[in-house]
Amino acid sequence: MTNGPRFRFAPSPTGSFHVGGARTALHNWALARRLGGTLVLRIEDTDEARNRPEWTEGIIDALAWIGISADDPHFEGPIFQSAYADAHVAAAQRLYEAGAAYYCDLTGEQVQQRAKELGTTGYDGYSRDRGLEPGPGRVLRFRVPDGSTVVCDAVRGEVEFDNSTIEDFVLVRGNGTPMFLLANVVDDMSMEITDVVRAEEHLPNTPKQQMLWEALGHEPPRWAHVPVLVNEQRKKLSKRRDKVALESYRDDGILANAMVNYLMTLGWTPPGAEEAGSEIFSWADLEAAFRLEDVNRSPAFFDEKKLIAFNKAYIRDLPLDEFVDRAGAELPDDWDRERFRAIAPHIQERLERLSDAAGAVDFLFVGDGVDPELDEASWTKAMTPEWSSSLLGDVTAAYESLPAERWDADTLKVTIEDIMGRFTTETGGAVKLGKAQAPVRVAVTGRSVGPPLFESLEVLGQAESVRRLRAAVTRADEPTAPD
RNA sequence: GCCCCCAUCGUCUAGUGGCCUAGGACACCACCCUUUCAAGGUGGCGGCACGGGUUCGAAUCCCGUUGGGGGUGCCA
């Protein structure tokens, strides 16, 4: 429990957790912690969500993944919106009794009909002075006062709205249930929220909320509307069209730290990034430096390429043991973990995602006596030089006759260097190791790219390495099809 | 339609009137290093939407234009 400012995060459970939501949650979290305040998690437990408790659990999990832990003293909740149901009704009643709201018996269709006839849009205040009593089918509307409403926003400054452009909006439906707008304000008041930090899309609704706070006799919270996240078409990231589920990135092998770091740099750059020549920062540094006033006001494109770049950096910086554990968890169960540990240091700085680990080392795990899948193009290219076939044969023979105790990366390398010295290129130059290793690499791994070759051979072992080399030699000897 | 927000390299941004010949990061390209690929190093490409003001001086302030986005429900 803390007594600093109180922030809130209010996701509606929909089965997946939006990356944009993750970012605003992070903003709130950074501020709550740095300012010695609290982040209150309030969940909209709609009827649908109540029947799917896993949705709520998903939110808690997702938050925990990005470091917003329910165990942290700065965290409060989750609180379910339904807990305040009575307060919603009571607030509506108070507003009505104070004359700040009135009942109206027009249906939605009738409202539209009138607007059409009057040549206006929206509700025209028809029942403002009709003094209607509450009754079935009658909605409670807020009496928007004259004048204007100024929203003081930490990222946008003062935004003024002319109240005449805001219609007398509905607070309570004809069936007696409160509208979300009212519920939201009442919830925030009940939770004693002092700071509302959310996405820019809510800015146009803010004057309505502020008027409600005031009509209910409360000082409105400090507002902050951060820019939305957009796709390449510059449209707000949508669940339908874009990959927005935080958990999908987690499942793809994105590290939480990388995601958090990347999300925080959208719309904001930590001071010192330029001097550092890097935007990679620890959460502690991000939290200490984050200021709403410094947040950029324009929408930001969620660039997966940059996320990947961050992820590579974070994977690279993982302690080896942790890398082995985490990447190992992505591997098929029957793969030898000791063997993976042996090759792990050589793939760690090459992976874009944790989940790429299997594909990077699969040639070590296909089993003895089994050839890895061969990439024909790589084979053809590697075997194109005049010397390649002979060199492959010589290396195979040399590796085969190597004493078992000398089957190590250094010896393997020296051996091939020794052999390649006996060959010259078609232009008479020396054969370089970069070229000479190609036939061996394709022979053993099936591909032209992969972890360092000699280290891979060492891990694969002499018997299987030589067997694959022999198979390749045989293949190289096969006459090519006539033209 | 009405209301609101936004506008610096392809992308994310630094920049709050002179330090800007506009800096960094990601991406891309080249070279170096090199055991392929990565990583690392060096260099390159590339931007203040447009038009008016204000000012000795504008990416920065003001107005307009254009463009983009969001909101506008008896949805949440």
Side-chain angles (χ1 to χ4, degrees), chain A residues 10-12 14 44 46 48-49 81 104 106-109 111-112 119-123 137-141 151 153 155-156 159-162 164-167 169-177 179-181 183-184 199-207 225 227-228 230 232-236 262 265-269 271 273-280 294 296-310 312-313 316 346-352 360 378 382 409 412-413 416-417 432-438 440-442 445 447-456:
Chain A
S12 47
T14 57
E44 294 164 23
T46 57
E48 193 180 12
Q81 182 162 42
C104 175
L106 254 35
T107 64
E109 274 173 17
V111 168
Q112 283 200 350
T120 59
T121 51
Y123 182 69
R138 292 181 177 177
V139 300
L140 183 68
R141 283 182 180 273
V151 172
D153 190 288
V155 347
R156 272 147 227 288
V159 184
E160 183 170 357
F161 296 84
D162 185 340
S164 66
T165 65
I166 303 172
E167 65 175 30
F169 52 94
V170 175
L171 258 20
V172 180
R173 297 186 185 85
N175 66 9
T177 59
M179 291 290 285
F180 176 73
L181 193 78
N184 208 25
E200 187 197 349
E201 57 198 284
H202 294 106
L203 184 55
N205 273 324
T206 307
H225 291 87
V228 292
V230 297
E232 46 278 269
Q233 274 89 240
R234 301 252 114 206
K235 301 259 194 261
K236 189 174 73 169
Y262 175 63
T265 65
L266 285 173
W268 176 70
T269 306
E274 187 166 341
E275 297 72 52
S278 164
E279 292 178 358
I280 305 292
D294 299 334
N296 196 297
R297 288 184 296 275
S298 41
F301 168 58
F302 186 87
D303 185 4
E304 212 171 309
K305 276 195 176 169
K306 191 158 179 176
L307 204 213
I308 294 298
F310 276 50
K312 279 180 92 164
R316 213 165 36 235
H346 303 109
I347 63 166
Q348 186 172 358
E349 71 171 15
R350 284 157 230 267
L351 296 185
E352 293 188 341
S378 296
L412 262 13
K413 182 184 178 193
I416 194 171
E417 281 174 334
K432 297 255 180 55
L433 184 55
K435 293 283 184 193
Q437 55 96 45
V440 179
R441 178 181 291 281
V442 180
T445 72
R447 294 186 293 259
S448 58
V449 298
L453 179 62
F454 308 112
E455 288 75 1
S456 299

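- On a pure distance criterion of 3.5 Å, no polar donor-acceptor pair joins the side chain of A/Arg234 and the base of B/U11.
- Using a 4.0 Å heavy-atom distance criterion, A/Phe180 is classed as a base contact.
- Remark: A/Lys312 does not engage A/Glu349 in a salt bridge, criterion side-chain N to carboxylate O under 4.0 Å.
- Contact of the A/Leu266 side chain with the A/Phe302 side chain is registered, since non-hydrogen atoms from C-beta on lie closer than 4.5 Å.
- Using a 4.0 Å heavy-atom cutoff across all strands shown, A/Thr206 reaches no nucleic acid atom at all.
- The shortest side-chain heavy-atom distance between A/Phe454 and A/Ile416 falls under the 4.5 Å cut-off.
- Across the C1' atoms, B/U16 and B/C29 are found 35 Å apart, a figure rounded to whole Å.
- Nearer to the 5' terminus of RNA chain B, by closest-nucleotide assignment, is the contact made by A/Leu266 (compared with the other of A/Glu44 and A/Leu266).
- Atom-to-atom, CE of A/Met179 to P of B/C75 comes out at 5 Å; the value is rounded to the nearest Å.
- The residue A/Pro451 sits close to a base: some heavy atom pair falls under 4.0 Å.
- A/Gly122 comes within 4.0 angstrom of nothing in the nucleic acid, heavy atoms only.
- Side-chain to base pairing of A/Lys312 with B/A38: no donor and acceptor N or O lie closer than 3.5 Å to each other.
- Using P as the reference atom, B/G47 and B/G10 are 7 Å apart when rounded to the nearest Å.
- Within the 4.0 angstrom heavy-atom criterion, base atoms lie near A/Gly108.
- Listed pair A/Arg156 / B/C5 fails the phosphate criterion, with no side-chain N or O lying under 4.0 Å from OP1 or OP2.
- Separation of the C1' atoms belonging to B/C12 and B/G52 is 31 Å when rounded to the nearest angstrom.
- A sub-4.0 Å separation between OP1 or OP2 of B/G71 and a side-chain N or O of A/Lys236 is present.
- Mapping A/Arg441 and A/Val155 onto RNA chain B by nearest heavy atom places A/Val155 at the nucleotide closer to the 5' end.
- A distance-only check finds no donor-acceptor pair linking the side chain of A/Gln112 to the backbone of A/Glu109 [under 3.5 Å].
- Judged by distance alone, the side chains of A/Thr206 and A/His225 do bring a donor and an acceptor atom under 3.5 Å apart.
- Using a 4.0 Å heavy-atom criterion, one finds that A/Leu106 contacts the bases of the nucleic acid, with or without backbone contacts as well.
- Put simply, A/Lys305 has no side-chain N or O that comes within less than 4.0 Å of OP1 or OP2 on B/C26.
- Nucleotide B/U13 holds its C1' atom 15 Å from the CD1 atom of A/Ile280, rounded to whole Å.
- Side-chain N or O atoms of A/Tyr262 include none that pairs as donor or acceptor with a backbone N or O of A/Ile308 at under 3.5 Å.
- Judged by the 6.0 Å and 45° rule, A/Arg141 forms no cation-pi pair with A/Phe169.
- Taking only side-chain atoms of A/Glu274, from C-beta outward, the nucleotide of B/U36, B/C3, B/G24 with the closest atom is B/G24.
- The separation of B/G40 from B/G23, taken at their P atoms, amounts to 23 Å, rounded to a whole angstrom.
- Listed candidates were B/C5, B/G70, B/C37. Nearest to the side chain of A/Val449 is B/C37.
- Between B/A27 and B/U42, the distance separating the two P atoms is 16 Å to the nearest Å.
- Comparing the C1' positions of B/C9 and B/C4 gives a spacing of 29 Å, expressed to the nearest Å.
- Whole-Å rounding puts the A/Leu140 CG to B/C74 C1' distance at 12 Å.
- Of the possible polar contacts, none joining the A/Arg234 side chain to the A/Val230 backbone as a donor-acceptor pair under 3.5 Å is found.
- On a pure distance criterion of 3.5 Å, a polar donor-acceptor pair joins the side chain of A/Glu279 and the base of B/G24.
- Base pairing annotation: B/U35 forms no Watson-Crick or G-U wobble pair, as no partner gives both donor-acceptor distances under 3.5 Å.
- Pair check for B/A7 finds B/U66; Watson-Crick or G-U wobble, both atom distances under 3.5 Å.
- A close approach under 4.0 Å does occur between a side-chain nitrogen or oxygen of A/Asn296 and OP1 or OP2 of B/A14.
- Atom-to-atom, CG of A/Leu203 to C1' of B/U72 comes out at 13 Å; the value is rounded to the nearest Å.
- Distances shown here put a side-chain N or O of A/Arg173 below 4.0 Å from the OP1 or OP2 atom of B/C75.
- Note: CZ (A/Arg138) to P (B/C74) measures 18 Å, nearest angstrom.
- Nucleic acid contact class of A/Gly174 (heavy atoms, under 4.0 Å, all strands): base.
- Residue A/Ala300 is in sugar-phosphate contact alone, with no base atom involved, counting any heavy-atom pair closer than 4.0 Å across all strands shown.
- For B/A27, there is no paired nucleotide, since no Watson-Crick or G-U wobble pair has both relevant distances below 3.5 Å.
- The separation between A/Glu201 atom CD and B/C75 atom P is 19 Å, rounded to whole Å.
- Each of A/Arg297, A/Arg156, A/Lys236 was checked for a salt bridge (charged side-chain N to carboxylate O under 4.0 Å, His left out) with A/Glu200, and the lone residue meeting it is A/Arg156.
- Nucleotide B/C2: paired with B/G71 (Watson-Crick or G-U wobble, both distances less than 3.5 Å).
- Residue A/Ser298 is classed as a sugar-phosphate contact, given heavy-atom separations below 4.0 Å to backbone atoms only.
- A/Phe161 comes within 4.0 angstrom of the backbone, heavy atoms only, and of no base.
- When distances run from any side-chain atom of A/Thr121 to the nucleotides B/U35, B/C12, B/G1, the shortest one goes to B/G1.
- The same atom, P, is picked in B/A49 and in B/G44; the two are 24 Å apart, to the nearest Å.
- Comparing the C1' positions of B/G71 and B/A22 gives an interatomic distance of 35 Å, to the nearest angstrom.
- Taking only side-chain atoms of A/Phe301, from C-beta outward, the nucleotide of B/U11, B/G69, B/G71 with the closest atom is B/U11.
- Distance, A/Asn184 CG to B/C75 P: 16 Å, rounded to whole Å.
- Using a 4.0 Å heavy-atom criterion, one finds that A/Glu455 contacts the bases of the nucleic acid, with or without backbone contacts as well.
- A donor-acceptor pair shorter than 3.5 Å can be found between the side chains of A/Arg173 and A/Thr177.
- Listed nucleotides B/A38, B/A27, B/A76 differ in distance to A/Glu349; the shortest reach to its side chain belongs to B/A38.
- Among the protein residues, A/Lys235 comes within range of the sugar-phosphate backbone only, with heavy atoms under 4.0 Å from sugar or phosphate atoms but none that close to a base.
- Note on A/Val170: only backbone sugar-phosphate atoms sit closer than 4.0 angstrom, heavy atoms only; bases stay farther off.
- Going from atom CG of A/Asp294 over to atom C1' of B/A14 covers 11 Å, rounded to whole Å.
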